[in-house]
Structure formats: structure tokens, C-alpha cells
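Report on the structure given below.
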Amino acid sequence: AFVQVSMNDMSTLHRVVKHVGARVSGETGFASGVSSLAIVTALAEGGTHVAIDPFQGAYNYDGLRAVRSYIASAPERRLSFQHLNETASMAVAYLHTQRICFDAFFIDDGHKFDDALVELFHAHKNLAIGGALMLHDNWMPSIRKLEGFIESNMANLHKVPNPLGHSCCISIYTLFIGHYL
């Protein structure tokens, strides 16, 4: 059995993606596809989800089958899905060069600070104004350090409370441009 996002996490992902009206979403750390299903089911009609993970073989390609099956079962929603079989830091850098604008992005990869920082850098650059950036496993020291970096260095990312009231395990930020009065 592999570690998954919890039901609370899935509910949070779904609620946040739905709330921002996301048409384009992305995530690092696709694994078995549970988080992708929570995100894809909340996307606006015609939405696209990009999942990054080079280790689908370790999960028997279950995630790819699950997400593709859901999309095929709901053709009226006109959803699309792209899987990038690459390490997260390389793939988010590539997406940055493609100027893809994400309404929601979920970081849940290897949880090492240096890799998560690279993912954050590129995801932040591609995040739409008002978009949601979500960090998973906020109890881990590396993710807490990443949150400290955000608070000290990224004034346009504002932490918002979990809409379902959960303190673990997803931290949510929104991109704000401008100044507070």
C-alpha cells in the first residue's frame, strides 16, 4: 500500500479548485492519482489538468488509468489530462518555458526542501492572479521551511485558511497583486 492523500485532503483539493473556478490545474507527485481525481472532478468545463510524476510504473499505472477513465466517463465536461513523465523540478521548469497559466497548483512531490523550492519558484511564476497554490504534508520540516520562505520572500502569496477547517495537511496560498490598504 502506498501513502495517499487523506479524504480530508481530497475534499480540500476539490473545494479549493472548485472555489477558484480553475480551468487549468497542475500537480507534482501524481502517484496513484487520488489527488488528481479530486482536482479533475472540480475543474470547470473544458478544463485541463497536468500531472507530473516519473514513477508511474511503481504504482502499476493505476493513477493514469483512473484519471483517464474518469475523463472518458464524462465526455460532456470536455476535460483533458496530460501526464509528464519527468522529475517535478525539470517538468515545472519546462511548463514555465511554455507559459502555461495555472489557476490551481498542488505541490506534493519528494518533500525535499531544495526540490520543493524549485517547484514553488516555477509554479508561482505560472500561477494566475487569484489562483491557488497548495502544499501537501505541511507537518514535514521541509514543507514548514518552504512556508517560512514564502512568508519571508514572496509577499504576493497570501496564506488562506482551509475552507473545511482542517489544519493538516494542506497549506493554501493565493496569488495577490497589489497592496493592502
| task | Check whether Phe121 and Leu135 end up in the same hydrophobic cluster, where Ile, Leu, Val, Met, Phe, Trp and Tyr are linked by side-chain heavy atoms less than 4.5 Å apart. | result | no
| message | Does any part of the side chain of Cys101, heavy atoms only, come nearer than 4.5 Å to the side chain of Val24, both counted from C-beta? | response | no
| query | Is it the case that one hydrophobic cluster holds both Tyr61 and Val40, taking links as side-chain heavy atoms less than 4.5 Å apart, direct or via other members? | reply | yes
| query | Just how far is it from atom NZ of Lys125 to atom CG of Leu120, taken to the nearest 0.5 Å? | reply | 10.5 Å
| If you count the non-hydrogen atoms of other residues, nucleotides and ligands that lie under 6.0 Å from NE2 in His19, is the total more than 12? | no
| said: Using modelled atom types and a 3.5 Å cut-off, is there a donor and acceptor pairing between side-chain atoms of His111 and backbone atoms of Asp109? | reply: yes
| Test ring-ring contact (aromatic ring centres under 6.0 Å, His included) applied to Phe30 and Phe81, Phe106, Phe55, the passing residue | Phe81
| message | Can you tell me how far apart CG (Asp114) and CD (Glu119) are? Round to the nearest 0.5 Å. | response | 9.5 Å
| message | Looking at Pro163, is its backbone amide N or carbonyl O close enough to the side chain of His166 to form a donor-acceptor pair, meaning the two atoms are under 3.5 Å apart? | response | no
| Under the 3.5 angstrom rule, does the side chain of Gln56 hit a backbone N or O of Ala31 as a donor-acceptor pair? | yes
| said: So does His96 get a backbone contact from the side chain of Arg99, meaning a donor-acceptor N/O pair under 3.5 Å? | reply: yes
| Where the side chain of Asn138 meets the backbone of Ser167, is there a donor-acceptor pair that is under 3.5 Å apart? | yes
| What's the verdict on side chain to side chain contact (heavy atoms under 4.5 Å, CB included) for Met134 and Thr12, showing C-alpha distance, side-chain angles and the deciding distance? | CA-CA 10 Å; Met134 297 162 286; Thr12 296; 5.6 Å; no
| request: Flag yes if Ile39 and Leu164 sit in one hydrophobic cluster, no otherwise; membership is Ile, Leu, Val, Met, Phe, Trp, Tyr, and two members link when side-chain heavy atoms are under 4.5 Å apart. | output: no
| query | Which atom names give the shortest non-hydrogen contact between Arg23 and Glu45, and what distance separates them? | reply | NH1-O, 2.5 Å
| query | How long is the gap from CG on Leu84 to CE on Met90, to the nearest 0.5 Å? | reply | 12.0 Å
| Which atom of Val118 lies closest to which atom of Ser89, heavy atoms considered | CG1-CB, 3.7 Å
| note | In this structure, CD1 of Ile170 is separated from CG of Asn8 (nearest 0.5 Å) by 9.0 Å
| query | Linking I/L/V/M/F/W/Y whenever their side-chain heavy atoms sit closer than 4.5 Å, directly or via other members, would Met10 and Val20 fall into one cluster? | reply | no
| remark: Shortest non-hydrogen pair, Ile172 vs Asn162, comes out as CD1-CA, 3.8 Å
| said: Whether the side chain of Ser152 engages the backbone of Phe149 through a donor-acceptor N/O pair (distance < 3.5 Å, no angle test) should be reported. | reply: no
| For Ala132 against Leu127, the heavy-atom pair lying closest together | O-CD1, 3.6 Å
| note | Contacts of Asp53 meeting side chain to side chain donor-acceptor pair (under 3.5 Å) (sequence neighbours excluded), chain-then-number -> none
| query | According to a 4.5 Å side-chain heavy-atom criterion applied to Ile, Leu, Val, Met, Phe, Trp and Tyr, with indirect links allowed, do Ile107 and Phe113 form part of one hydrophobic cluster? | reply | yes
| field | Validation row: Glu27, His49 side chains within 4.5 angstrom (heavy atoms) | value | yes
| How far apart are the closest heavy atoms of Ile71 and Ser80, and which atoms are they? | CD1-C, 4.0 Å
| query | Does a donor on one side chain sit under 3.5 Å from an acceptor on the other, for Arg77 and Tyr70? | reply | yes
| request: Measure from the side-chain N and O atoms of His158 to the backbone N and O of Thr174, and report whether any donor-acceptor pair falls under 3.5 Å. | output: no
| said: Applying side chain to side chain contact (heavy atoms under 4.5 Å, CB included) to Asn156 and His124, what does each step give before you reach the verdict? | reply: CA-CA 10 Å; Asn156 62 353; His124 171 255; 3.0 Å; yes
| Intermediate values then yes/no, side chain to side chain contact (heavy atoms under 4.5 Å, CB included), Leu157 and Leu175 | CA-CA 5 Å; Leu157 281 179; Leu175 181 64; 4.2 Å; yes
| Looking at Ser35 and Val5, what are the two nearest heavy atoms and their distance? | N-CG2, 4.1 Å
| request: Mind checking the CG-NE2 spacing from Asp9 to His14? Nearest 0.5 Å is all I need. | output: 14.5 Å
| field | From Ile143 atom CD1 to His136 atom NE2, the distance as rounded to the nearest 0.5 Å | value | 10.0 Å
| query | Does the Asp103 side chain pair with the main chain of Ser25, one donor and one acceptor, at a distance under 3.5 Å? | reply | no
| request: Would you please test Leu95 and His122 for side chain to side chain contact (heavy atoms under 4.5 Å, CB included) and show each step? | output: CA-CA 8 Å; Leu95 292 170; His122 291 292; over 6 Å; no
